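Working notes for the structure below.
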There are 2 protein chains.
Amino acid sequence: MAPCLPSGERRVSKNDKKIATRRMTLKTVAEVLNVSTATISNAFNRPDQLSAALREHILQECERLGYNGPNPAARSLRTGATGIVGVMLAERLAYNFRDGCATEFLQGVSEVLDDARINMLLMPGRDDFYQLQSLESIPDRYIVYGPPRDIGVINRIESQRKPVVTVDFSLPNHLSLNVDNYGGAKQAAKHVFSKMGAGPVAVIGLRLISSDYVGRIKDRALLDPIMSISRQRLEAYRDAAAEVGIEINGDQVWNTHESNWADGVKAAREALSATPRPQALFCMSDQLALAALSVARDLNIKVPDQLRIIGFDDIPEARRSHPAVTTVYQPSIEKGRLAAMMVLHPDRYESRVLPTQLHIRETG
Amino acid sequence: MAPCLPSGERRVSKNDKKIATRRMTLKTVAEVLNVSTATISNAFNRPDQLSAALREHILQECERLGYNGPNPAARSLRTGATGIVGVMLAERLAYNFRDGCATEFLQGVSEVLDDARINMLLMPGRDDFYQLQSLESIPDRYIVYGPPRDIGVINRIESQRKPVVTVDFSLPNHLSLNVDNYGGAKQAAKHVFSKMGAGPVAVIGLRLISSDYVGRIKDRALLDPIMSISRQRLEAYRDAAAEVGIEINGDQVWNTHESNWADGVKAAREALSATPRPQALFCMSDQLALAALSVARDLNIKVPDQLRIIGFDDIPEARRSHPAVTTVYQPSIEKGRLAAMMVLHPDRYESRVLPTQLHIRETG
DNA sequence: TTGAAAGCGATACCAC
DNA sequence: GTGGTATCGCTTTCAA
């Protein structure tokens, strides 16, 4: 079908065929443009290795030819780096999209990474995800947000010998970023006791034990304070109670599995039907406190007159609710930003504990 | 330093040295175990190609040697696949962690992907992210959530010829998943007019124009209904208004850039100080409606007696607020789940429009 | 400034 | 069921 063309035309036609037929690679582009592969590579990776004009020309031609830049798999195989930051989450991913505190943290992380043009890979903390392939080798650096459910993934990450920043827990020989859970919780509890004196209290805890049980912890084994921020908060509540001469035992502490409405309502309902009824509820998240507040309303219990409620985190809803929730502020977004900066420049930072701050509002 | 050992020992020593010295690759493992590389590869990828006993042995040895499985870069270079699903977001990542509707969507997506042991890569919809490397070649399939800010990334994705599911907008030749924005918005507006008759109204819109301007749209150019769910909702409000004989013009429509408290407060404040004051506020998200509600409270305007407010999305806070917000429910989590299933099995699904549903509560 | 060539780590075909 | 080997696309040294 194709008419016979003069040789000049034929050459173009040959190139066009190359363009139409093959998938574009650095090599085909080099052939079409009649330069070496090294030159194309340099155009993308080392602007200083060739003239600005040539680089510009190459980049334009690549665009025209539909070559979008070096293949990341090949590049990363060659260089051993991907430029991706892994964000290892303690649980399933879905949980982190549900929890206000986690999303604020991720927001902070993504702000910094986005600005730096760095991609982030969200990784679940479950072993089965990494079993048959070493997914953990994709990122160049890691932010580990909370102790992963399966300890195996920690080993996999450590064996990579890449920069790691742990958040809300610590690992030997790695940068860590924590928040003053104990101090904040203690201050809040002391405030409550200073208002109400030594009365009965209950704690609505969050993942104090490793199962998904929701209810009184009684004498169940609790997670270690080193790995569990909730445990740190619990000890603070207990110490504050001890200072006014009362003891918080396992019958007055509820466990929830997730910081959500349903768990909060269930725990608060149980706690508020205990005898004697608690005069204060120490909740380990604002979400739980908000749920407790709604239960109190249903039960016609006046807050704060008959019941004081304190939360933790200081999410926006805590401030906006009526009555507004007294809570311990932690800088979640800032924590995310800082974690990202730390992992990008490990040498410029040291491990830190960020301050928390009691925000006294209407519920406690 | 090493003492002279009998040859049997020496062989072990040689292997140990291999173990200690080299980074583990499929090849070194094969050498140490004295089998071929193909066999190791098969142990990980094709259990049927070797005896169960041998496979078990190999897997155990790999674990002992600290070989965590095939390198994803090398594997993906060879096979052309990564098993990763890309979730392309319209804007910066941070925005999606801030917006209740987006996080619900992501929650749905991640539930399905997590269960399927598939990793997801969140990708910003900005061109500059992909400029010097074809990051878009990493995922095997794409969910595109809302029209990307830069149209260039669409081209990059399309040139990959991989399964694509678009959400909240459509692209020729790709599966799409939408929600009945027009129907829901119209039903809500009609409900409001049926209650209050033909009075002055205002619209608090969300990204109706492409800039980050917050204020009256007046006669600014609006985004096309094909690409903008907000525009679809606006047309629905207008049509419902027309049915009772009133017109909603650019002076009665506010634009916000983000569905957040600050933008909502600003727009609502302006809208409620207009003359004549609107008797109804049609808000394009619950977050905006909640902000408007709080402004009304500040201004001592009785809701719903003096002002009706309707939202969109039906996020949990809408239900829990006092008064509870009348809104249009859209199945965000389900939308996420479905998008994930569609992208995993494109052949089993067709493009769909999910129904929305008016939830009449107290504000409108 | 450019070109040739080695090799990153794995897979899959084909022969045994 | 196992072993040899070409190849995926790129980066980088070295020499020209």
Side-chain angles (χ1 to χ4, degrees), chain A residues 18 22-59 61-62 65-83 132-138 140 159-160, chain B residues 18 22-59 61-62 65-83 132-138 140 159-160:
Chain A
K18 221 169 253 164
R22 293 206 214 166
R23 192 181 346 61
M24 278 295 148
T25 70
L26 187 149
K27 197 167 156 194
T28 53
V29 172
E31 280 174 31
V32 175
L33 298 191
N34 264 309
V35 296
S36 88
T37 59
T39 306
I40 308 285
S41 175
N42 285 334
F44 281 97
N45 303 311
R46 309 171 146 204
D48 53 307
Q49 296 293 299
L50 70 175
S51 68
L54 178 56
R55 180 176 131 98
E56 197 46 45
H57 172 243
I58 289 179
L59 258 24
E61 285 298 293
C62 286
L65 297 173
Y67 177 71
N68 290 327
N71 174 315
R75 160 185 278 178
S76 128
L77 178 57
R78 184 64 240 238
T79 63
T82 57
L132 292 185
Q133 53 183 316
S134 45
L135 257 188
E136 71 276 6
S137 79
I138 295 181
D140 291 339
S159 72
Q160 299 280 317
Chain B
K18 223 168 255 164
R22 293 205 212 164
R23 192 182 345 61
M24 278 296 148
T25 70
L26 188 148
K27 198 168 156 194
T28 52
V29 172
E31 279 174 32
V32 174
L33 298 192
N34 263 309
V35 295
S36 88
T37 60
T39 306
I40 308 285
S41 176
N42 285 335
F44 281 97
N45 303 311
R46 309 172 148 207
D48 53 307
Q49 295 293 300
L50 69 173
S51 67
L54 178 56
R55 180 176 131 98
E56 197 46 45
H57 172 242
I58 288 179
L59 258 25
E61 285 298 293
C62 285
L65 296 174
Y67 177 72
N68 289 328
N71 174 315
R75 161 184 279 179
S76 131
L77 177 57
R78 183 64 242 236
T79 63
T82 57
L132 293 184
Q133 53 184 315
S134 46
L135 257 188
E136 71 274 7
S137 79
I138 296 181
D140 291 339
S159 71
Q160 299 279 318

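Note that the structure is a prediction, hence the values are computed from the model and not measured. In the text below, chain A, chain B and the rest are named by the order of the sequence lines, each starting its count at 1.
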With a 4.0 Å cutoff (strictly under), does any side-chain N or O of [X] reach OP1 or OP2 of [N]?
| X | N | answer |
| --- | --- | --- |
| A/Ser36 | C/dG3 | yes |
| B/Thr39 | D/dG3 | yes |
| A/Thr79 | D/dT11 | no |
| B/Tyr67 | C/dA10 | yes |
| B/Asn71 | C/dC8 | no |

Given that B/Ala52 and A/Pro70 both sit by DNA chain D, which one's nearest nucleotide is further toward the 5' end? B/Ala52
Between the side-chain atoms of B/Arg75 and the base atoms of C/dT11, is any donor-acceptor pair under 3.5 Å? no
Over how many whole Å does the gap from [X] atom [atom1] to [N] atom [atom2] extend?
| X | N | atom1 | atom2 | value |
| --- | --- | --- | --- | --- |
| B/Asn34 | D/dG4 | CG | P | 11 Å |
| B/Ile40 | C/dA10 | CD1 | P | 10 Å |
| B/Arg46 | C/dT11 | CZ | P | 10 Å |
| A/Leu77 | C/dG7 | CG | C1' | 9 Å |
| B/Ile58 | D/dT2 | CD1 | C1' | 10 Å |
| B/His57 | D/dG1 | NE2 | P | 17 Å |
| A/Glu31 | D/dC10 | CD | P | 12 Å |
| A/Asn45 | D/dT12 | CG | P | 7 Å |

Contact check, side chains of [X] and [Y], non-hydrogen atoms, under 4.5 Å:
| X | Y | value |
| --- | --- | --- |
| B/Tyr67 | A/Ser134 | no |
| B/Leu65 | B/Thr28 | no |
| A/Ser159 | B/Asn68 | yes |

By the 4.0 Å heavy-atom rule, please label [X] as base, sugar-phosphate, or nothing.
| X | value |
| --- | --- |
| A/Phe44 | nothing |
| B/Leu50 | sugar-phosphate |
| A/Leu54 | sugar-phosphate |
| B/Ser51 | sugar-phosphate |
| B/Asp48 | sugar-phosphate |

Side chain of [X] only, heavy atoms from C-beta on: which candidate in [options] is closest?
| X | options | answer |
| --- | --- | --- |
| A/Asn42 | C/dT2, C/dA4, D/dC10 | C/dT2 |
| A/Thr37 | C/dA5, D/dG9, D/dA6 | C/dA5 |
| B/Ser41 | C/dT11, C/dG3, D/dG9 | C/dT11 |

CG of B/Leu33 to OG1 of B/Thr39: how many Å apart, nearest 0.5 Å? 10.0 Å
Nearest-0.5 Å distance that lies between atom OG in B/Ser51 and atom CD1 in B/Ile58: 8.0 Å
Can any side-chain N or O of B/Arg55 pair as donor or acceptor with the backbone N or O of B/Pro47 at less than 3.5 Å?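 The answer is no, because no donor-acceptor pair under 3.5 Å joins these two groups.
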